[in-house]
Amino acid sequence: MSLLTLSGLTARYGASQALFGVDLEVGAGEVVALMGRNGMGKTTTVKSICRMIPSEGRLAFDGRDLHALPSHRAARLGIGLVPEGRRCFADLTVAENLLAAARPGAWDMDAVTAFLPRLGERRHQRAASLSGGEQQMLAIGRALMTNPRLLILDEATEGLAPIIRQEIWSVIGRLKRETGMAILLIDKSLRELRQVSDRAVILVRGKTVWSGAMDTLTADVSERHVGV
Amino acid sequence: MIPERLLNALILAGLLAVPLWALAADEPFTITLATRVVILALAAVGLNIALGIGGLVSLGHAAFFGIGGYAMGILAHHAQTYTALDLGLFTVSGTKSMPVIWLVATLASMLAALLIGLLSLRTSGVYFIMITLAFGQMFYYFAIGWAEYGGEDGLSIYLRNSFPGLNTLVPIHFFGLCFAVLCLALFLHARLAASPFGLALNAARQVPGRAEAVGLDPKRLKLLAFVVSGAITGLAGALFADLNRFVSPTMFSWHFSGEIMVLVILGGTARVMGPVAGAALYVALEHWLGGLTDYWIIFLGAILLLIVLFARGGIVGMLSGRRQAGD
């Protein structure tokens with residue numbers, strides 16, 4: 001049984017409909033890439049999963065209907081979000097950011113700072129004073145502190161220097177290899193997505209148009225729907 | 001610039017030194033002034049937990065202050081008139097024992113804070129300010145109409161209540177007692193702010209949506225903070241009533257809610273020692289400038305304006321030169 005199941009999911013912002021039927025599954029330990037051009041509903045899908053906007057259709061995590069839950073309860077079920085634009089708690093230090101999110105489990109302060117040593121070095125620094133890459137690491141560390149079973153990374157490498165991007169990708173790769181955590185990835189870089197993802201789902205205008213194993217995604221299909 | 005820890009120690013030491021000096025110089029009134037600083041600071045420490053850490057701009061904290069005051073007034077009134085307090089199902093006798101009064105004051109204000117918080121926290125921003133203000137005023141008018149306990153005239157208590165082992169009528173004894181309670185509240189604030197609860201509350205204040213995405217429930221965190229906050233302000237109300245040996249509806253008035261908010265902002269919002277610095281400055285100005293002119297509050301206004309414009313961290317932030325969350 002898959003961990004996360006979306007089927008025929010629709011969502012709207014006020015009067016304008018944004019999702020018209022998203023089908024998506026993430027199995028335990030699976031890395032799935034959610035792809036599509038800008039404005040096709042990737043982030044809206046993530047917001048629906050995290051219960052930040054109302055939606056309709058089937059939306060289940062570990063067999064439970066997420067629609068019945070408020071945002072913080074969905075997070076406690078084990079959905080960890082690394083949001084677009086990082087959004088750390090700017091006025092708190094690195095350690096405080098991590099502690100604020102802590103939930104019981106294997107990922108505690110020691111485990112997270114061992115996995116992301118940079119955070120240990122910057123422990124007492126305010127989040128606002130970190131570089132973009134460090135803030136991204138902090139956002140990942142903060143999500144890990146909630147001990148998620150599914151980690152969602154929304155544009156985790158956006159706006160970062162190439163060398164920092166490589167670092168983030170290597171962190172994602174290590175998460176996959178070392179923890180077997182299920183990961184839902186949104187990113188623009190097809191090459192890296194191909195390397196790390198097991199499967200891909202492509203959205204066009206708020207609807208799933210293609211899904212399958214990553215190695216069956218042909219250049220032709222990705223060219224047509226994603227533009228790369 | 002003074003490191004904040006040292007500054008905090010200096011403020012506390014100063015607050016302790018003034019009445020000790022007054023004791024040696026035989027100036028009991030100064031001890032009473034210092035006690036007033038301590039109690040107002042305690043009320044503001046309560047507000048600081050809601051306002052500073054939780055970002056809850058409550059203009060209704062006078063409600064808790066008044067509830068604490070009336071808890072003391074009612075219990076002591078029944079004790080001094082040897083009448084029973086009829087609670088409907090059963091009756092109890094009044095008491096002059098401070099520990100019992102404190103317990104009742106704290107529990108009653110916690111309960112009130114829970115109910116007010118449950119309703120008020122459905123709103124935010126300006127609406128939260130208005131609804132807390134409305135609750136405060138509701139208590140104010142209720143107290144005015146409560147003829148059984150003096151109505152508008154309030155209640156006088158002839159003798160200060162008692163505390164085991166101390167003679168509370170001796171100013172320095174009563175000061176010491178209040179000072180000890182204040183130190184406990186300050187310790188609680190410091191521990192709370194650094195605890196996972198405090199950090200989560202701080203996070204929820206900064207970016208509520210993000211806090212929810214990591215599994216925190218902002219509403220619950222804020223409600224808990226509001227209850228703790230109300231309890232401390234309520235306890236301060238009981239002490240304040242004992243200081244004056246008098247309770248009246250003015251304890252409930254929104255002026256007082258504004259006053260303790262001014263204390264917090266003057267001293268430094270979310271700073272542990274902010275309320276103490278604010279209360280000390282406030283009482284000092286009230287005493288000295290109030291002796292020179294009836295319009296002393298204008299000067300207080302000017303100082304408040306300068307602090308808000310140029311020193312976001314209040315007196316403590318200015319002197320320690322350290323920025324922190326909530327500035």
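Excluded from the calculations below are hydrogen atoms, water molecules and symmetry mates; all remaining heavy atoms, backbone and side chain alike, are included. Chain letters run A, B, ... following the sequence lines, proteins first and then strands; every chain starts at 1. Just so we're clear, the structure is a prediction, and the values are computed from it rather than from any experiment.
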Counting heavy atoms not belonging to A/Tyr13, are there more than 12 under 6.0 Å from its OH?
yes

Would you say that more than 12 heavy atoms from the other residues, nucleotides or ligands in this model lie under 6.0 Å from the NZ of B/Lys222, or not?
yes

Distance from A/Leu92 atom CG to B/Arg205 atom CZ, nearest 0.5 Å?
8.0 Å

Distance-minimising heavy-atom pair for B/Gly215 and A/Arg76:
O-NE, 2.8 Å

Side chain, backbone, both or neither: which part of A/Leu77 has a non-hydrogen atom closer than 4.5 Å to chain B?
neither

Under a 4.5 Å heavy-atom cut-off, does chain B meet the side chain of A/Thr146, its backbone, both or neither?
side chain

State, with a plain yes or no, whether a side-chain heavy atom of B/Val214 is found less than 4.5 Å away from one of A/Arg103.
no

How about CZ on A/Arg64, more than 12 heavy atoms from neighbouring residues, nucleotides or ligands closer than 6.0 Å, or not?
no

Is there a side-chain contact between A/His72 and B/Asp217, using heavy atoms and a 4.5 Å cut-off?
yes

Greatest number of non-hydrogen atom pairs under 4.5 angstrom with chain B, of A/Arg51, A/Met145, A/Arg87, falls to A/Arg87

Other residues, nucleotides, ligands: >12 heavy atoms within 6.0 Å of A/Glu56 CD:
no

Examine whether an atom of A/Ala101 lies under 4.5 Å from a heavy atom of chain B, and if so say whether it belongs to the side chain, the backbone or both; otherwise answer neither.
both

CZ of A/Arg73: more than 12 outside heavy atoms within 6.0 angstrom?
no

Quick one: closest heavy-atom pair of A/Ala90 and B/Gln206, and the distance?
N-OE1, 3.2 Å

So do A/Phe89 and B/Asn202 actually touch side chain to side chain, heavy atoms under 4.5 Å?
no

Closest non-hydrogen atom pair between A/Met52 and B/Ala213, with its separation:
CE-CB, 3.5 Å

Tell me whether the count of non-hydrogen atoms from other residues, nucleotides or ligands lying under 6.0 Å of NZ in B/Lys219 goes above 12.
no

Inspect the surroundings of CZ in A/Arg118 and state if more than 12 heavy atoms from other residues, nucleotides or ligands are less than 6.0 Å away.
no

Taking every non-hydrogen atom, the tightest pair across B/Val207 and A/Cys88:
CG2-O, 4.3 Å

